[in-house]
Amino acid sequence: MIPADVLHRVAAWSRTLEPRAFERARAGVQERTYPAGSEICAHGQPFDYWGGVIEGLIKLRTLSADGKEVTLAGVHAGGWFGEGSVLKGEPRRYQVVALRETRLALLDRASFLWLMEHSTAFNRFLVHQLNDRLGFFMAMVEHDRMLDTTGRVAQALAALLNPVLYPDVNHRLTITQEEVGQLAGVSRPIANRALKALDAAGILRVEYGEIDVLDPDRLRSYGHLS
DNA sequence: ACATTAAATTCGA
DNA sequence: TCGAATTTAATGT
């Protein structure tokens with residue numbers, strides 16, 4: 001069973017749980033490691049877990065009608081994903097891929113449903129998470145077609161700083177430019193150009209294997225009108 | 001695609 | 001265990 005302090009650290013939602021609910025959650029969680037580039041869950045496959053990233057980076061992607069790959073979201077440490085499929089007991093509508101070696105905490109469906117049934121703290125968390133995800137997707141629909149590549153890169157990075165989805169993240173992101181490209185749906189050289197532009201604008205600092213975000217607000221609103 | 005630089009790893013003392 | 005040498009990874013153009 002996963003140690004209490006590990007769950008506590010990786011799952012912000014577990015911190016507000018009633019003691020009984022915390023123990024139930026702990027009993028329902030298992031840990032698993034996926035190598036870089038591996039598929040965690042294929043499109044259309046059942047995957048009966050709610051997943052949390054302990055360390056690493058994954059992305060959720062799907063194919064658009066014309067066969068192009070679309071990245072729905074990147075998830076890094078502290079983020080939890082897949083509540084939709086678990087709630088409905090449906091197969092995943094998207095593919096989950098590890099961008100680098102990634103350790104996941106997996107909460108089985110029965111425990112997830114038990115927590116919804118018995119813990120108000122858990123439900124409160126879920127409502128917040130779903131609400132924030134909705135905001136995230138609305139922003140994406142609004143911007144995807146309008147923004148230039150720098151804007152899309154800015155958007156992808158801003159998403160990783162969302163304080164509701166990633167409660168413990170600080171302004172320093174450990175991410176390579178290759179990974180930024182994969183999240184924003186651009187090539188690494190384009191990601192590099194975009195990052196240099198954002199650096200020149202004073203919004204962030206590009207470092208080796210890391211990005212130091214100086215101004216999250218401007219990052220989020222980069223390229224927006226008004 | 002290639003050249004450059006940073007970091008991680010290995011190896012010898 | 002330290003630091004130099006080598007290899008690997010990330011970046012810049």
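In what follows, chains carry the letters A, B, and so on, assigned in the order in which the sequence lines appear, proteins first and then strands, with residues in each chain numbered from 1. These numbers were taken from a predicted model, which means no experiment stands behind them.
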**Report entry** Test item: L183(A) and K59(A) side chains (from C-beta on) under 4.5 Å apart, heavy atoms
**Finding:** yes
Requested in this report: Report the end-to-end axis angle of the helix from dA1(B)-dT13(C) to dA13(B)-dT1(C); each axis comes from five terminal pairs, and the value is rounded to 10°.
Outcome: 10°
Requested in this report: Let me know the distance between CG of L57(A) and P of dA10(C), rounded to the nearest Å.
Outcome: 12 Å
Query raised in the report: Less than 4.5 Å apart, any side-chain heavy atom of L126(A) and any of W13(A)?
Result: no
Report summary line: Partner of R205(A) under salt bridge (Lys or Arg N to Asp or Glu O under 4.0 Å), picked from D215(A), D199(A), D212(A), is D199(A)
Query raised in the report: Do V6(A) and V29(A) touch side chain to side chain, with heavy atoms closer than 4.5 Å?
Result: no
Query raised in the report: Is R100(A) reaching over with its side chain to a backbone N or O of E179(A), donor-acceptor style, under 3.5 angstrom?
Result: no
Report task. Taking the side chain as every heavy atom from C-beta outward, state whether E23(A) and L17(A) have any pair of such atoms under 4.5 Å apart. Result -> no
**Report entry** Side-chain H-bond candidate by donor/acceptor type, S85(A) with R93(A), under 3.5 Å
**Finding:** no
Query raised in the report: Any donor and acceptor pair, going by atom type alone, linking the side chain of Q129(A) with main-chain N or O of W80(A) inside 3.5 Å?
Result: yes
**Report entry** Interatomic distance, L99(A) CG vs dA9(C) P [rounded to whole Å]
**Finding:** 16 Å
Strictly under 3.5 Å: I want the nitrogen or oxygen pairs between protein and nucleotides 11-13 of chain C, one per line.
from    : atom 1 : to      : atom 2 : distance (Å)
dT11(C) : OP1    : G209(A) : N      : 3.0
dT11(C) : OP2    : Q177(A) : N      : 2.7
dG12(C) : OP2    : Q177(A) : NE2    : 2.8
dG12(C) : OP2    : N192(A) : ND2    : 2.5
dG12(C) : N7     : R188(A) : NH1    : 3.3
dG12(C) : O6     : R188(A) : NH2    : 2.6
dT13(C) : OP2    : K196(A) : NZ     : 3.2

